[in-house]
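Scope of the values below: all heavy atoms of this structure, side chains included, with no hydrogens, waters or symmetry mates. A, B, ... follow the sequence lines: proteins, then strands. Residue 1 opens every chain. These numbers were taken from a predicted model, which means no experiment stands behind them.
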Amino acid sequence: MSEERSLNFLEEIIENDLKSGKYQSIVTRFPPEPNGYLHMGHATSICLNFGLTKKYPGYTNLRFDDTNPVTEETEYVESIKEDVQWLGFEWKNLRFASDYFDQLFEFAVKLINKGLAYVDDSTSEEIAQQKGTPTEPGVNNQYRDRSIEENLRLFNEMKNGKYPDGAKVLRAKIDMAHTNMLMRDPIIYRIKHAHHHRTGDKWCIYPMYDFAHGQSDSIEEVTHSICTLEFIPHRELYDWLIEKLEIFPSHQYEFARRNLNYTVMSKRKLLQLVNENHVDGWDDPRMPTISGMRRRGYTPEAIRDFCERVGIAKREILLEFSLLEFCVREHLNKIALRRMVVFDPIKVVITNWTNEVEMLQIEDNPEDENSGAREVPFSGELYIEREDFMENPPKKFFRLFPGGMVRLKGAYIIKCDEVVKDDAGNITQLNCTYIPESRSGNDTSGINVKGTLHWVSIKESISAEIRLYDRLFQVEDPSSEEGDFKSYINPNSLQLLTNVHAEPALKNAKFTDRFQFLRKGYFCLDKDSHGRLVFNKTVGLKDAWAKEVKKGS
RNA sequence: UGUUGAGUAGUGUAAUGGUAACAUACCAGUCUUUGACACUGGUGUUGAUGGUUCAAGUCCAUCCUCAACAACCA
C-alpha cells in the first residue's frame, strides 16, 4: 500500500461518505444471476466490489439474483461460488434474492396500498404498444385506474395461481409519459408457473429485476450498489422504489464493463460457443471464463493484478489481451518451475561422450533463491529443437549451425561437426563434440557462446501431449463485426502436439504446479492428465527472435 | 427529431485552473549459461471551433462522434 495511486471515482465517493460520517463502514455486493459461468467481465466486478471492502471498513455479500426460475440452475450457483473463492475473495453473507420473496411480496402490497401499483390484464404486445417510444410518450390504459381493493384482490389471486402465465402483471404506477422509458409504469411482478431452483413450487409469481435488485440491496443495507453502465437509466427507478417503499436507501453507482479484444464476453455468445461445440465446454482454456482461464493456467494473482492495472471508468472500453498476458507472465515468472521439453526433435549425438549418464543439478527457478534444483540426466544421445539448428544460418542466428557452438542449458558447450541426412536430404542427426571443461557452474573452458539451448536426453525423456492455444477470434471485436460473430472464429486456436519429449522430472507434475518450459512458455498440467501427461500452454515467452525472423521475411 | 452517459498516446488509467504523467504495446540498444527476466533510450496524446483567464485537458458556448434506453431478461 506504500505506492501512491490516485483514487478512482468510486473510492472518492466512498472516502467522502466515510469522512462526512454518512457511513461508518460500507457494504457492497456481487450479484450474479445463476444462469451461466463467470467470465473476465465478472472478475472485474468481483475485484471491484470485494476490493473496496478490503480497502475500506465493511464487507461484501455474494447474492444470487435468482428471480427468473426458467433460466437459472443450481449447477451455476456452485461454479460461481468456486470461481469467487478461487479469485481469492470471501463473502460475508451468502444470499439469494429468492430469500426475500416474502418481503418482496409485502413490498408490492405496500405499493398497491399507496395507490402506486396496479394489476394490468394487457398482453405483452399491448403493453409494448402503449409504452410509446423514446421520442413519443406512452398512453394510459383502462386498468390503470383500478381501485386499491381490486388490485389487492387480483394480485393475491395472481399469487394463488388463479391465472395462467402472461394473463396479468403487476405494474408500478408512475408516469406513462416519462422521458425515461423505464419509468413508464414498469412491470414489477409477472406470472410464471415454473419450478424455482430454491423455492420450488411455492411461488407462481416472480418479481422483475427492478423490483428485486434494489430491494435486496436495501434489505441487506448495501451502501454502494455497483453495477455496469447499462443500468444508468434504471437508477431513477431504483431510487423511486426505495423512496416510495420507505426502506434503507442503498445507492447505485455505475462503471464501464470491460471487454477484451479477440474474444466475446456475453453469456449468450459464450453459451453458443459451448452448445455448438466450437469449444470444449465452459472451462475450455480458450474461453474468457474464470474456469477457462484457471484451466489455462492463469493465476488469481495475475487476474487481480490485471483488474487493478486497468482501473475503472465510465466509458465502454476494449482492453488489449496483451496486458492480461503481461500480468500472467509477470506472476508466472516468479513462481514457475523451469523444465525442458523438446516439441519438435532433432537427434544430437555427442561423439566424444562415454556411454555413461551424468546427472546434472539444474535450478528450478533462477528468479527464486528459495527454490531448489532437480536432477536432469545428460547423455551422448540428445534431442534438441529442430528450429534451433540451421544449416545455412542468417546473420544474428546464434543457435546451432555446422561448425558453430552453443551451450546446452545447465550442461556443456557443444560444437556441431557433421550433419547427417537421409536419402531424401532431410536432416536426421547432428554429430557434435562436447567441451569437457565447459560444464555449467564450473566452466574453465574460457569459451563464450552466444546461444543456450534446451534439450533432453533421449533415453530418459518421457512423452507428453501439449496443447497450444491462440486467440479464439481473428478480429479484435467480433461482436461489432458484420454478420454472425462465429464466422470470425480462429480455426487454428488449438494446436495439438501429441508426442513431445520432456525431461523426466515432469513425471511428478502436480495439478497445482506452474511450469516454464525453457524458451517455450508457461505451461500447466491439464485435468485430462490421467495416466498420461497433458500440458496446456498458458502464455508464451516474449520472443525477440521471432520478431527478428518476421522482420526479415 | 427524445432522454441519459461518455470522448486524454496504439490500448488502458491519472492530472479536481498552474511542467500533460504512469503502465502496457511498439521501435532501438545493453546485459544474459532461457534471444526469457532485468536495464537504458525513443516514437506517440487532450474530438472540433470559439470564448473567459496571466494561465484551460480542466470553466463557459456551439458543434461533432460514440454508447445505452421502446424484453412479462438481468
Side-chain angles (χ1 to χ4, degrees), chain A residues 5-8 12 31-33 35 65-68 70-72 97 120 122-124 127-129 131-138 165-171 178-182 184 187-192 205-206 208-210 212-213 227-236 254 256 258 261 267-268 309-327 329-330 333-334 338 340 362 366-367 396-399 406-413 438 440-441 443 448-454 516-521 540-548:
Chain A
R5 189 178 63 96
S6 55
L7 303 176
N8 65 47
E12 227 164 81
E33 187 192 6
N35 70 346
D65 244 339
D66 56 350
T67 56
N68 186 358
V70 302
T71 58
E72 295 151 1
D120 191 330
S122 309
T123 64
S124 57
I127 289 176
Q129 200 178 16
K131 203 144 205 170
T133 70
T135 53
E136 300 162 276
D165 289 6
K168 287 178 166 47
V169 291
L170 184 69
R171 291 228 253 170
H178 205 287
T179 50
N180 180 351
M181 295 206 58
L182 283 159
R184 319 241 261 232
I187 294 169
I188 57 179
Y189 260 96
R190 77 285 214 194
I191 301 170
K192 273 181 193 287
I205 57 170
Y206 293 92
M208 296 286 289
Y209 165 84
D210 285 304
H213 196 95
C227 61
T228 45
L229 253 28
E230 67 267 30
F231 290 97
I232 288 176
H234 292 253
R235 188 174 62 231
E236 196 170 12
E254 309 87 10
R258 287 176 266 189
N261 61 7
K267 273 193 269 193
R268 207 192 87 249
R309 282 170 189 266
V310 165
I312 63 166
K314 300 186 86 158
R315 55 174 157 151
E316 287 288 341
I317 52 174
L318 185 63
L319 294 166
E320 289 183 340
F321 215 90
S322 58
L323 181 62
L324 212 206
E325 295 192 323
F326 167 83
C327 295
R329 283 192 199 102
E330 176 118 309
N333 181 43
K334 293 192 192 108
R338 270 54 174 179
M340 294 194 285
I362 306 184
E367 301 285 324
K396 294 208 252 180
F397 181 85
F398 38 90
R399 280 120 101 144
V406 292
R407 171 171 299 281
L408 296 178
K409 173 69 188 177
Y412 299 89
I413 292 173
S438 68
S440 191
D443 182 349
N448 231 337
V449 292
K450 200 88 164 106
T452 301
L453 308 184
H454 62 280
Q516 184 196 105
F517 293 170
L518 247 55
R519 308 204 302 137
K520 284 298 185 185
L541 261 19
K542 275 213 265 187
D543 190 347
W545 171 246
K547 214 166 8 185
E548 194 69 31

Open item on the list: Return whichever of A:A128 or A:T179 has its heavy-atom-nearest nucleotide of RNA chain B closer to the 5' end.
Closed with: A:T179
Task: Short side-chain to backbone donor-acceptor contact, A:R190 and A:G166, under 3.5 Å - done: no
TODO: Locate the shortest heavy-atom distance separating A:R184 from A:T133; write the atom from each residue and the value.
DONE: NH2-O, 2.6 Å
TODO: Give a yes or no on whether a donor-acceptor pair under 3.5 Å exists between the nucleobase atoms of B:rU33, that is its base, and the side chain of A:S440.
DONE: yes
Open item on the list: Taking B:rU45 as the reference, what is the distance to B:rU58 when you measure between their C1' atoms (whole Å, please)?
Closed with: 16 Å
TODO: Please state whether the base of B:rG5 and the side chain of A:E254 form at least one donor-acceptor pair under 3.5 Å?
DONE: no
Open item on the list: Considering every strand and a 4.0 Å limit on heavy-atom distances, what is the contact class for A:Y189: base, sugar-phosphate, or nothing?
Closed with: nothing
Task: Rounded interatomic separation in angstrom, taking CZ from A:R407 and P from B:rU34 - done: 9 Å
TODO: Could you please name the option among B:rU34, B:rC72, B:rU32 that lies closest to any side-chain atom of A:K450?
DONE: B:rU32
- [ ] Using a cut-off of strictly less than 4.0 Å, decide whether A:R190 has a side-chain nitrogen or oxygen near OP1 or OP2 of B:rA74.
- [x] yes
- [ ] Measure the spacing between CD of A:E254 and CD1 of A:I312 and express it to the nearest 0.5 Å.
- [x] 11.0 Å
TODO: Choose from B:rC73, B:rG2, B:rC72 the nucleotide whose nearest atom is closest to any side-chain atom of A:E33.
DONE: B:rC73
Open item on the list: Would you measure the distance from the C1' atom in B:rA68 across to the matching atom in B:rA61 and give it in whole Å?
Closed with: 26 Å
Open item on the list: Roughly how many Å apart are B:rG2 and B:rA55, using the P atom of each and rounding to a whole number?
Closed with: 36 Å
- [ ] Considering just the side-chain nitrogens and oxygens of A:S124, establish if one lies under 4.0 Å of OP1 or OP2 belonging to B:rA71.
- [x] no
- [ ] Using only heavy-atom distances, decide whether a donor-acceptor pair under 3.5 angstrom links the side-chain of A:R399 to the base of B:rG35.
- [x] yes
Open item on the list: Counting distance alone, no hydrogens or angles: does the base of B:rA68 have a donor or acceptor under 3.5 Å from a partner atom on the side chain of A:H234?
Closed with: no
TODO: From the options B:rU24, B:rU13, B:rU34, select the nucleotide whose nearest atom is closest to the side chain of A:L323.
DONE: B:rU24
- [ ] Could you tell me the separation between the CG atom of A:L229 and the C1' atom of B:rU3, rounded to a whole number of Å?
- [x] 15 Å
TODO: Side chain of A:T133 only, please: which of B:rU34, B:rA70, B:rA68 is the nearest?
DONE: B:rA70
Open item on the list: Taking 4.0 Å as the cut-off, does a side-chain nitrogen or oxygen of A:K547 come that near to OP1 or OP2 on B:rC27?
Closed with: yes
Open item on the list: Counting distance alone, no hydrogens or angles: does the base of B:rU34 have a donor or acceptor under 3.5 Å from a partner atom on the side chain of A:R338?
Closed with: yes
Open item on the list: Determine whether a donor-acceptor pair (N or O, by modelled atom type, separation under 3.5 Å) exists between the side chain of A:N35 and the backbone of A:E72.
Closed with: no
TODO: Using the C1' atom as the reference point in each nucleotide, state the distance between B:rG50 and B:rU43 in Å, no decimals.
DONE: 32 Å
Open item on the list: Is it the case that the ring center of A:H234 lies less than 6.0 angstrom away from the ring center of A:Y209?
Closed with: yes
Open item on the list: How about CD on A:E330, more than 12 heavy atoms from neighbouring residues, nucleotides or ligands closer than 6.0 Å, or not?
Closed with: yes
Task: C1' spacing across the pair B:rA25 / B:rG42, given as an integer number of angstrom - done: 14 Å
Task: Interatomic distance at P, B:rA56 relative to B:rG17, whole Å - done: 14 Å
Open item on the list: Please report the distance, rounded to the nearest Å, between CD1 in A:I312 and P in B:rG5.
Closed with: 17 Å
Task: Of the listed nucleotides B:rU34, B:rG12, B:rA6, the one nearest the side chain of A:K314 - done: B:rA6
Task: Whole-angstrom distance between B:rU34 and B:rU19, as gauged at atom C1' - done: 42 Å
Open item on the list: Of the listed nucleotides (B:rC72, B:rC73, B:rU13), which one gets closest to any side-chain atom of A:K192?
Closed with: B:rC73
TODO: Let me know the distance between CE of A:M181 and P of B:rC69, rounded to the nearest Å.
DONE: 12 Å
Open item on the list: With a 3.5 Å cut-off and heavy atoms only, can you find an N or O donor on one side and an acceptor on the other between the side chain of A:Q516 and the base of B:rU34?
Closed with: yes
Task: Minimum-distance nucleotide to A:R309 side chain [options: B:rU34, B:rU24, B:rA70] - done: B:rU24
- [ ] Take atom NZ of A:K396 and atom P of B:rA28, then tell me their distance rounded to the nearest Å.
- [x] 8 Å
TODO: Kindly state whether the pair A:W545 / B:rG35 counts as stacked, where counting means centroids closer than 5.5 Å and planes tilted less than 30° apart.
DONE: yes
- [ ] Measure from CG on A:N68 to P on B:rC73 and round the result to the nearest Å.
- [x] 6 Å
- [ ] Check for a donor-acceptor pair, side chain of A:R258 on one end and backbone N or O of A:G311 on the other, with a separation under 3.5 Å.
- [x] yes
Open item on the list: If I pick the P atom on B:rG57 and the same atom on B:rU49, what distance separates them, to the nearest angstrom?
Closed with: 13 Å
Task: Proximity to the side chain of A:M208 - top-ranked nucleotide from B:rG12, B:rA36, B:rA74 - done: B:rA74
Open item on the list: Please check: side-chain N/O of A:N261 versus main-chain N/O of A:F321, any donor-acceptor pairing under 3.5 Å?
Closed with: yes
Task: Length of the CD-P vector between A:E320 and B:rG12, whole Å - done: 7 Å
Open item on the list: With nearest nucleotide decided by heavy atoms, which residue, A:I187 or A:N8, maps closer to the 5′ end of RNA chain B?
Closed with: A:N8
Open item on the list: Without decimals, in angstroms, what is the distance between A:L7 CG and B:rA14 P?
Closed with: 10 Å
Open item on the list: The side chain of A:E230 is closest to which nucleotide in this list: B:rA68, B:rU34, B:rA25?
Closed with: B:rA68
Open item on the list: Measuring from the side chain of A:E367 (C-beta onward, heavy atoms only), which nucleotide among B:rG12, B:rC37, B:rU34 has the closest atom?
Closed with: B:rC37
Open item on the list: Show the nearest heavy-atom pair for residues A:E33 and A:K267, with the distance to one decimal.
Closed with: O-NZ, 3.6 Å
TODO: Mark yes or no for whether A:R407, through its side chain, and A:S438, through its backbone, hold a donor-acceptor pair below 3.5 Å.
DONE: yes
Within the sub-3.5 Å range, which N or O atoms of nucleotides 38-40 of chain B have a protein N or O partner, and how far apart are they?
none

